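Values below: all heavy atoms of this structure, side chains included; hydrogens, waters and symmetry mates excluded. Note that the structure is predicted; figures quoted are calculated from it, not measured.
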Amino acid sequence: MPSTFFGLTIAGSALNSFQAAVNTTANNIANVNTKGYSRQEAVRIASEALRTNQRYGMAGSGVTTTEIIQKREFYYDVKYWQNNARVGMQDCKLYYMQQMEEYLLDDDNAKGFSTILQEMYNALETLHGTPEDLDARTQFVSKTQNFADFFQSLNTGLVRIQEDANQEIATQVENVNAIAQKIALLNKQINVIELQGTNANELRDQRALLIDELSDLVEVDVKETPVIDPAHPNVKTGATNYKVKINGQTLVDNFEYNTLKYVAREKKVNQSDAEGLYDICWSDTDVPFNVSSKLCQGRIAALFQMRDGNNNQGFSGTVQSIEPGAGGDIVTISNPSITDINSINMAEDGIITINNKEYRYSGFSYDAETQTYQFQLKIPLSTDARESLAGRKAAIGESIDVMGVPYYQTQANTFLREFAKQLNNIQRSGVDLDGNDGGSLLVAGNASDGSEYDFSDYDPDGNMSTSVNDYYKLTCANVKVAEKVYKDVTKLVTMNKKDVADGVAVQNIVEQMQKLKSEIKMFRGGGADQFLKCLINDNSVDTQKAETFLQNYSNISESILQKRMSISAVDEDEEALDMLKFQNSYNLASRMIQTLSEMYNRLILETGV
């Protein structure tokens with residue numbers, strides 16, 4: 001038979017339970033605008049009934065609050081994290097594409113390529129009428145230098161974008177490491193609390209919020225499993241193992257975490273790359289952390305793609321042979337991916353990867369007849385190594401199917417080399433005002449000693465070598481008008497050699513130069529005036545694609561977030577109803593205690609024996 005005062009115990013359990021419920025509701029209301037907070041709920045169950053040994057059987061013993069749980073659905077967390085990586089990636093790509101677009105604009109606010117080219121040819125038209133006039137010559141040479149300055153400015157802008165992306169890579173790697181450290185620390189704190197049988201709801205919210213931030217940077221895979229008591233396989237200890245993987249590799253393993261590091265490249269991959277671009281690897285193993293693949297998602301992947309993207313136009317081929325050479329072996333590469341010497345974008349001194357092993361080279365050459373490259377390695381190889389590498393794939397850098405900075409640099413260099421080649425060939429075919437043989441008008445500056453490359457070793461058959469004075473030396477970064485012409489405009493060629501005898505200038509040379517604007521095909525089947533349109537089209541297509549994807553993924557993210565918030569978010573109206581409901585329940589329990597108190601008072605004080 002239960003105690004006479006058993007009713008007080010039952011009513012007291014109700015007071016305690018509804019007090020916990022009101023406190024939980026108060027906590028929800030207090031955190032209604034707290035970022036990452038998940039709504040909590042006090043779970044109540046009927047207390048274990050007591051055997052009374054009476055005809056009516058078992059007697060209920062009140063209510064018990066077993067735990068306070070957070071209302072969160074892991075399924076929607078996973079969906080949000082997966083989509084958030086795509087949102088971060090497209091947002092980052094769109095930003096850098098718009099940055100590149102700024103350097104291609106040609107409107108009232110910014111004088112671009114088309115305007116500069118038109119001014120150059122307007123000056124050439126004036127020169128056509130008065131080829132001996134020094135003012136006309138000076139005007140044309142000045143406009144030609146403006147033409148060269150545009151490409152230098154374009155390269156400076158692209159390199160700045162590349163450097164910005166590179167610096168952001170370093171910043172985001174530090175962010176990943178900081179997040180990993182915080183997650184590992186939270187895992188430890190959560191397990192300490194939950195081993196005691198209490199849910200660490202607030203700490204779990206903090207951890208999920210960190211995963212939200214991490215998923216913007218890289219694609220994450222999260223798995224939490226309960227720890228089983230080894231002595232009792234069916235008993236859970238209350239602790240959990242929490243693992244976070246990025247790109248399929250473990251970042252956090254419960255209390256332990258790995259870190260990434262960024263390492264500056266010793267050698268350039270592309271000829272026009274900025275110095276010291278970073279690669280990422282794991283700090284403990286130095287294993288590369290490759291996020292440039294098109295399958296990778298997240299902001300860091302986008303940074304690599306925009307910094308290194310070459311539209312799958314990187315150099316690759318097959319090792320045909322390896323022969324001993326002076327100072328190192330000579331590797332012959334057949335079936336190369338690049339056969340147009342204007343499009344060669346490899347660094348003069350760099351690293352070639354053969355069969356997944358890196359070898360440094362100090363220069364290379366190209367044979368147009370056999371369509372083979374020869375790379376001069378800096379070290380000799382053993383006979384076994386030569387034999388093992390024959391027939392293997394070789395590559396410089398990676399072929400990344402994104403139009404990033406290197407792609408636009410290569411496109412600009414390709415056009416510039418062809419234009420300079422055509423223009424210089426015309427100049428070399430004539431004589432200046434003094435009857436001297438003409439030379440190159442557009443040349444490449446040598447930053448190391450201030451000299452100029454005038455391309456005197458150019459081979460019209462299509463052969464090239466990095467060791468000679470060839471158009472390979474010409475890039476957007478160093479193009480300029482030849483110093484001798486800039487300082488003395490009489491050196492500008494406007495007449496053929498056959499015109500010198502009678503002293504009458506014939507405008508044939510000028511007319512040939514005029515044809516370069518639109519009549520001579522030199523870039524994607526069009527003339528010089530089509531160059532910018534091609535690049536703008538490339539950029540516009542990619543920018544529009546990024547905008548579309550970003551909008552689509554943002555809409556998906558918003559939809560998932562709504563589902564997520566419908567479960568986890570604090571609803572003010574719902575909490576207000578709960579507050580009133582629990583208040584009424586608490587009041588009823590209080591009234592029950594008051595009623596029982598009156599009954600016991602009657603029983604003890606007023607009932608006679």
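- With sequence neighbours excluded, no residue satisfies side-chain hydrogen bond (donor to acceptor under 3.5 Å, both in side chains) with N310.
- Between the side chains of Q145 and D149, at least one donor N or O sits under 3.5 Å from an acceptor N or O.
- Summarising the geometry, atom CD1 belonging to I556 is positioned 5.0 Å from atom CG belonging to N83; distances are rounded to the nearest 0.5 Å.
- Looking at E558 and Q562, their side chains do bring a donor and an acceptor atom within 3.5 Å of each other.
- Here Y76 and Y80 keep their ring centres 6.0 angstrom or further from each other.
- Heavy-atom minimum distance, V87 versus S557: CG2-CB, 4.2 Å.
- Atom-to-atom distance recorded for N508:CG and S429:OG is 8.0 Å, nearest 0.5 angstrom.
- Between R564 and D212 there is a salt bridge, with a side-chain nitrogen of the basic residue lying less than 4.0 Å from a carboxylate oxygen of the acidic one.
- Residues satisfying the ring pair (Phe, Tyr, Trp, His ring centres under 6.0 Å) test with Y458, not counting sequence neighbours, are Y471.
- Counting only heavy atoms from C-beta outward, the side chains of I246 and F289 approach each other to under 4.5 Å.
- The side chain to side chain contact (heavy atoms under 4.5 Å, CB included) search around S540 returns I536, not counting sequence neighbours.
- No hydrogens or angles considered: nothing links the side chains of Q98 and E102 as a donor-acceptor pair under 3.5 Å.
- Contact record, I396 with Y361: CD1-OH, 3.7 Å, taken as the closest heavy-atom pair.
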(request) Tell me, with the steps shown, if F364 and F315 meet ring pair (Phe, Tyr, Trp, His ring centres under 6.0 Å). (result) CA-CA 13 Å; F364 60 88; F315 177 83; 7.6 Å; no

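- One N or O on the side chain of S337 and one on the backbone of S316 form a donor-acceptor pair closer than 3.5 Å.
- Residue Q118 holds its CD atom at 3.5 Å from NZ of K517, rounded to the nearest 0.5 Å.
- Ring to ring, Y472 and Y453 are not that close: their centroids are 6.0 angstrom or more apart.
- Taking the six-membered ring where tryptophan is involved, the planes of F531 and F415 are essentially parallel, since the angle between them stays under 30° and well short of 60°.
- Considering CZ of F549 and OG of S554, their distance stands at 13.0 Å, rounded to 0.5 Å.
- Applying the salt bridge (charged side-chain N to carboxylate O under 4.0 Å, His left out) test to D542 and every residue at least two apart in sequence or in another chain returns nothing.
- Scored by the ring pair (Phe, Tyr, Trp, His ring centres under 6.0 Å) test, Y359 finds no partners at all (sequence neighbours excluded).
- Using a 4.5 Å heavy-atom cutoff, the side chains of R207 and K182 are not in contact.
- Taken to the nearest 0.5 Å, the OH atom of Y486 stands 5.5 Å off from the OG atom of S142.
- In plain terms, the two heavy atoms of W282 and T259 that are nearest each other are CE3-O, 3.5 Å.
- When all heavy atoms of Y408 and D538 are compared, the pair lying nearest together is OH-C, 3.6 Å.
- For the pair D273 and R307, the salt-bridge criterion is not met [side-chain N within less than 4.0 Å of a carboxylate O].
- Side-chain atoms of M403 and L535, non-hydrogen and from C-beta on, never get closer than 4.5 Å to each other.
- In this structure, Q374 contributes its side chain and S365 its backbone to no donor-acceptor pair below 3.5 Å.
- Under the salt bridge (charged side-chain N to carboxylate O under 4.0 Å, His left out) criterion, E168 pairs with no residue at all, not counting sequence neighbours.
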(request) Determine, step by step, whether K473 and E348 satisfy the salt bridge (Lys or Arg N to Asp or Glu O under 4.0 Å) criterion, reporting the C-alpha distance in whole Å, the side-chain angles of both residues, the deciding distance to 0.1 Å, and the verdict. (result) CA-CA 9 Å; K473 303 290 187 181; E348 181 176 350; 3.4 Å; yes

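- In the model, N555 has a side-chain atom that pairs as donor or acceptor with a side-chain atom of Q551 under 3.5 Å.
- Proximity of E547 to L94: side-chain heavy atoms (C-beta onward) are separated by under 4.5 Å at one or more points.
- The closest side-chain heavy-atom distance from N290 to E398 is below 4.5 Å.
- Under the 4.5 Å side-chain criterion, counting only non-hydrogen atoms from C-beta, Q305 is not in contact with D401.
- Side-chain contact between L441 and V481 is present, with at least one heavy-atom pair separated by less than 4.5 Å.
- Counting non-hydrogen atoms of other residues, nucleotides and ligands closer than 6.0 Å to NZ of K378 gives a total above 12.
- For CD of Q544, the number of neighbouring non-hydrogen atoms (other residues, nucleotides, ligands) closer than 6.0 Å is 12 at most.
- Summarising the geometry of D457 relative to N469, their closest heavy-atom pair is OD2-N, 2.9 Å, with the distance given to 0.1 Å.
- No donor-acceptor pair closer than 3.5 Å links the side chain of N247 to the backbone N or O of Q249.
- Within 6.0 Å of NZ in K545 there are 12 or fewer heavy atoms belonging to other residues, nucleotides or ligands.
- With salt bridges taken as basic N to acidic carboxylate O contacts below 4.0 Å, one links E452 and K480.
- Donor-acceptor pairing under 3.5 Å is lacking for the side chains of K111 and N146.
- For the pair T318/I333, no side-chain contact is recorded, criterion being any heavy-atom separation below 4.5 Å from C-beta on.
- Under 3.5 Å, the side chains of N270 and S272 contain no donor-acceptor pair of N or O atoms.
- Residue K261 places its NZ atom among more than 12 non-hydrogen atoms of other residues, nucleotides or ligands, all under 6.0 Å distant.
- Between R160 and E163 there is no salt bridge, since none of the side-chain N atoms of the basic residue sits less than 4.0 Å from a carboxylate O of the acidic one.
- Side chain of N463 to backbone of A368: a donor-acceptor contact under 3.5 angstrom is found.
- Side chains of Q181 and N177: a donor-acceptor N/O pair is absent below 3.5 angstrom, by distance only.
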(request) Just do the side chain to side chain contact (heavy atoms under 4.5 Å, CB included) check on N425 and K421 with the steps written out, would you? (result) CA-CA 6 Å; N425 286 345; K421 187 189 305 179; 3.9 Å; yes

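- In this structure, V402 and M306 approach most closely via the heavy-atom pair CG1-SD, 4.0 Å.
- There is no side-chain donor-acceptor pair under 3.5 Å between N345 and Q409.
- We find the CZ-CG distance between F419 and L442 to be 6.5 Å, quoted to the nearest 0.5 Å.
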